Amino acid sequence: MAIFALVDCNNFYVSCERVFNPALEGKPVVVLSNNDGCAVARSAEAKAIGVPMGEPAFKLRHLVERHGLIMQSSNYALYGDMSERVMSVLATFAPGAEVYSIDECFLDLDGLSVPDLTQWCQHVRATVKRWTGIPVSVGIGGTKTLAKLANRLAKKSPKANGVLDLVSHPAWVEVALKRTPVGEVWGIGRQYAGHCGVHGILSAHDLTQAEDGWIRKTMGAVGLRTVMELRGVAVHTLDTEPADKQTTCCSRSFAEAVTLYDHVHDAVLTFASRAAEKIRADGLVAGALQVFAQTDRFRRDQPQFTLNAMVRLSPATDSTPRLIAAAISGLHSAWRDGYAYKKAGVILIDLVDPANIARDLFSPPPDTGARAQALMNAVDGLNNRMGKGAVGYGLVAKGAPWQMRCGNRSPSYTSDWMDLPVAKA
DNA sequence: TCTGGGGTCCTAGGACCC
DNA sequence: TCTGGGGTCCTAGGACCC
């Protein structure tokens with residue numbers, strides 16, 4: 001039988017900020033999403049004063065005065081780098097590791113011969129904390145879904161002290177299922193939890209007792225797999241070699257809504273350029289692209305519109321100028337005057353590795369000619385050495401109304417020489 | 001005044017074919 | 001009134017995740 005451990009960093013973004021700014025320790029802290037929009041990470045103290053996940057920043061302002069809540073802009077360069085450090089420590093402990101998200105990692109503990117799994121996990125926790133500064137929790141289960149569930153309880157229960165092992169203590173499984181609200185189960189979101197509630201299914205345990213036909217009809221094949229996993233049947237396996245991405249998106253909300261074509265044009269140009277860098281870093285080419293721009297969905301008093309255009313790319317390409325040209329032509333063809341646009345984006349789709357591209361007689365080879373390649377290498381190299389945006393396409397004015405807000409971002413302590421922390425005597 | 005961004009998988013329905 | 005029955009492929013949209 002497989003033994004899955006889920007290692008999850010506690011309040012990851014807040015923990016990253018605290019590593020480099022210990023003054024945040026013990027205080028209510030939230031990290032805001034892009035554009036300083038809403039809370040995406042909360043310290044325990046912030047949870048205690050009632051900050052809900054996803055709460056818009058403007059609704060938290062009163063807590064700043066009342067409880068000294070600290071709101072940090074997000075610093076993804078820092079979190080990405082800290083994530084790599086945590087993952088590389090975890091990889092040294094287990095024969096198999098799957099990086100599931102920026103702050104979570106599944107380990108396969110099957111075949112690991114240790115006398116006491118809980119004790120071993122405490123050792124892992126302590127090591128990660130000592131080497132990276134990040135606190136983690138560990139849940140152990142016979143399926144990934146049960147490991148997730150155990151992890152959640154490990155975080156909540158003070159008795160667990162950050163580790164809960166449902167494999168060495170099979171009798172605890174039923175208790176754990178009964179203590180987990182159905183909406184907290186991995187794979188059961190708001191919609192499905194609502195359907196369950198109507199049928200009197202309130203806990204994860206209730207869900208395991210539901211009838212397969214009803215589950216399949218209500219929550220589809222995915223829902224049924226989730227329930228199988230809750231019942232202890234391992235459906236999901238450890239995925240140590242993640243497949244190539246199928247799509248890559250670069251989109252942003254604007255600090256202010258804009259009505260002028262030129263403003264949206266500049267935003268789309270910037271997003272296409274950034275998306276191109278991403279697929280080149282992954283070694284992929286795009287076979288098509290989608291460009292969109294939309295009005296502010298929260299302004300019910302204003303006319304709503306979403307502009308959307310799909311552009312095929314033949315041959316498939318990773319070249320910035322070609323992707324920009326395609327995105328702009330899509331924007332131009334679908335453009336409508338008279339709307340206040342609040343968000344736009346570029347999605348690169350049909351991504352493939354040019355090495356294993358399947359071609360027929362009539363499709364051209366992917367666009368990876370030597371000259372284009374050399375140019376892109378030079379551009380990416382300059383940006384890596386001199387900082388993002390050192391070289392680019394099109395001149396985009398700084399301080400344009402569509403550019404995003406980030407009022408209180410921490411320095412890039414680990415990824416920019418200029419931001420290295422300084423120790424003062 | 002102010003409400004994120006980036007992904008995956010599944011399903012239903014239409015187009016098209018024999 | 002009556003007007004097949006399958007297949008496949010593609011797309012849009014909905015659900016979920018972090």
Side-chain angles (χ1 to χ4, degrees), chain A residues 6 8-9 11-13 30-41 51-62 64 71 73-76 79-80 83 98-106 144-145 148 151-152 182-196 215-226 229 235-236 239 242-257 271 274-275 278-279 282 284 287-288 290 292 294-302 306 308 310 312 340 342-351 401 404-407:
Chain A
L6 177 67
D8 189 317
C9 303
N11 321 324
F12 182 54
Y13 297 169
V30 297
V31 172
L32 301 175
S33 64
N34 272 315
N35 216 28
D36 290 347
C38 48
V40 292
V51 178
M53 186 63 169
E55 187 77 344
F58 71 89
K59 291 186 180 173
L60 295 174
R61 219 137 284 164
H62 68 285
V64 174
M71 299 201 277
S73 301
S74 45
N75 183 346
Y76 288 103
Y79 312 148
S83 174
E98 171 188 345
V99 178
Y100 174 68
S101 75
I102 193 162
D103 69 337
E104 289 168 279
C105 183
F106 284 106
K144 282 182 162 181
T145 305
K148 278 282 244 188
N151 185 288
R152 176 180 166 278
V182 70
E184 298 289 325
V185 172
W186 189 40
I188 307 295
R190 280 228 331 245
Q191 207 68 27
Y192 293 167
H195 292 145
C196 287
I215 297 164
R216 178 70 179 76
K217 186 161 57 75
T218 313
M219 305 190 289
V222 181
L224 190 52
R225 284 204 281 272
T226 291
E229 288 236 320
V235 178
H236 301 297
D239 187 10
D244 284 338
K245 267 190 259 185
Q246 304 168 24
T247 66
T248 279
C249 174
C250 181
S251 74
R252 290 285 180 283
S253 293
F254 305 152
E256 294 166 41
F271 302 155
R274 175 75 196 107
K278 287 207 267 186
I279 62 167
D282 289 344
L284 301 172
Q290 231 176 324
F292 69 90
Q294 57 197 209
T295 49
D296 188 342
R297 65 198 165 102
F298 295 103
R299 294 293 299 267
R300 288 298 156 83
D301 56 320
Q302 293 185 347
T306 299
N308 206 323
M310 161 91 89
R312 298 264 159 216
K342 190 64 170 46
K343 178 178 181 174
V346 172
I347 309 168
L348 305 185
I349 53 188
D350 292 346
L351 299 182
M404 83 172 177
R405 266 189 299 269
C406 67

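This one's a predicted model, so the numbers in the text were calculated from it and none came from an experiment. Lettering follows sequence order; numbering is per chain, from 1. Because only heavy atoms are used, hydrogens play no part in the values below, and waters and symmetry mates are left out as well, while side chains stay in.
One interatomic measurement links the two molecules: CG of A:Asn308 to C1' of C:dA12, which rounds to 10 Å at whole-angstrom precision. At whole-Å resolution of the value, CD in A:Glu104 and P in B:dG7 are 17 Å apart. The distance from atom CZ of A:Phe292 to atom C1' of C:dA12 is 15 Å, rounded to the nearest whole Å. Straight-line distance from the CG atom of A:Asn34 to the P atom of B:dG7: 13 Å, rounded to whole Å. The CD-C1' distance, from A:Glu184 to C:dC16, rounds to 14 Å in whole Å. One atom, OH of A:Tyr76, and another, P of B:dG7, lie 13 Å apart when rounded to the nearest Å. Between the P atom of B:dT3 and the CD atom of A:Gln302 lies a distance of 12 Å, rounded to the nearest Å. Nucleotide C:dC16 holds its P atom 15 Å from the NE2 atom of A:His236, rounded to whole Å.
Looking at the side chain of A:Ser101, the nearest of the listed nucleotides C:dC18, B:dG6, B:dG4 is C:dC18. Distances from the side chain of A:Val40 to the nucleotides B:dG4, B:dG5, C:dA15 place B:dG4 closest. Here B:dG6 is the nucleotide among C:dC16, B:dG6, B:dG5 with the atom lying nearest to any side-chain atom of A:Lys278. The side chain of A:Gln246 lies closest to B:dC9 when the candidates are C:dC18, B:dT3, B:dC9. Comparing atom distances between the A:Asp103 side chain and each of C:dC18, B:dG4, C:dC16 picks out C:dC18 as nearest. Side-chain proximity of A:Tyr100 to B:dC2, B:dG6, C:dC17: nearest is C:dC17.
Residue A:Thr248 places at least one side-chain N or O under 4.0 Å from the OP1 or OP2 atom of B:dG7. Phosphate contact (OP1/OP2 of B:dG4, side-chain N/O of A:Arg297, threshold under 4.0 Å): present. Phosphate proximity of C:dC10 to A:Arg312: absent, as no side-chain N or O sits under 4.0 Å from OP1 or OP2. An OP1 or OP2 oxygen of B:dG5 is reached within less than 4.0 angstrom by a side-chain nitrogen or oxygen of A:Lys343. When the side-chain nitrogen and oxygen atoms of A:Arg61 are compared with OP1 and OP2 of B:dT1, none of them lie within a distance under 4.0 Å. Between A:Thr247 and B:dT8 there is a side-chain polar atom (N or O) within less than 4.0 angstrom of OP1 or OP2. Contact annotation: A:Lys148 side-chain N/O to C:dC17 OP1/OP2 distance is not under 4.0 Å. For the OP1/OP2 pair of B:dG6 and a distance below 4.0 Å, the side-chain nitrogens and oxygens of A:Ser251 include at least one atom meeting the criterion. Taking only side-chain nitrogens and oxygens, A:Arg299 never comes nearer than 4.0 Å to OP1 or OP2 of B:dT3.
Aromatic ring orientation, A:Tyr13 versus A:Tyr76: perpendicular (interplanar angle above 60°, classes split at 30° and 60°). By the 30° and 60° cut-offs, the orientation of the rings of A:Phe254 relative to A:Phe271 is parallel.
Spacing of C1' atoms, C:dG4 relative to B:dC16, comes out at 16 Å, to the nearest Å.
Using a 4.0 Å heavy-atom distance criterion, A:Val31 is classed as making no nucleic acid contact. Contacts of A:Ala221 with the nucleic acid, taken as non-hydrogen atoms under 4.0 Å apart, involve only primed sugar atoms and P, OP1 or OP2. The residue A:Asp36 sits apart from the nucleic acid: no heavy atom pair falls under 4.0 Å. Residue-level contact check: A:Lys245 touches the backbone only, with heavy atoms under 4.0 Å from sugar-phosphate atoms and none from bases. The residue A:Leu32 sits apart from the nucleic acid: no heavy atom pair falls under 4.0 Å. If you check every strand for non-hydrogen atoms under 4.0 Å, A:Glu55 touches nothing. Residue A:Ser74 is classed as having no contact, given no heavy-atom separation below 4.0 Å to the nucleic acid.
Remark on DNA chain B: of its neighbouring residues A:Phe58 and A:Arg252, the 5'-side contact belongs to A:Phe58, judged by nearest-heavy-atom nucleotide. Taking for each of A:Cys249 and A:Phe254 the nucleotide of DNA chain B with the nearest heavy atom, the 5'-most of the two is the partner of A:Phe254.
Residue ring and base: A:Phe298 counts as stacked with B:dT3 (centre distance below 5.5 Å, interplanar angle below 30°).
Using a distance-only test at 3.5 Å, with no hydrogens or angles considered, no donor-acceptor pair links the side chain of A:Thr248 to the main chain of A:Ala275.
Ion pairing of A:Glu229 with A:Lys148 is absent here, as no side-chain N (NZ or NE/NH1/NH2) approaches a carboxylate O to less than 4.0 Å.
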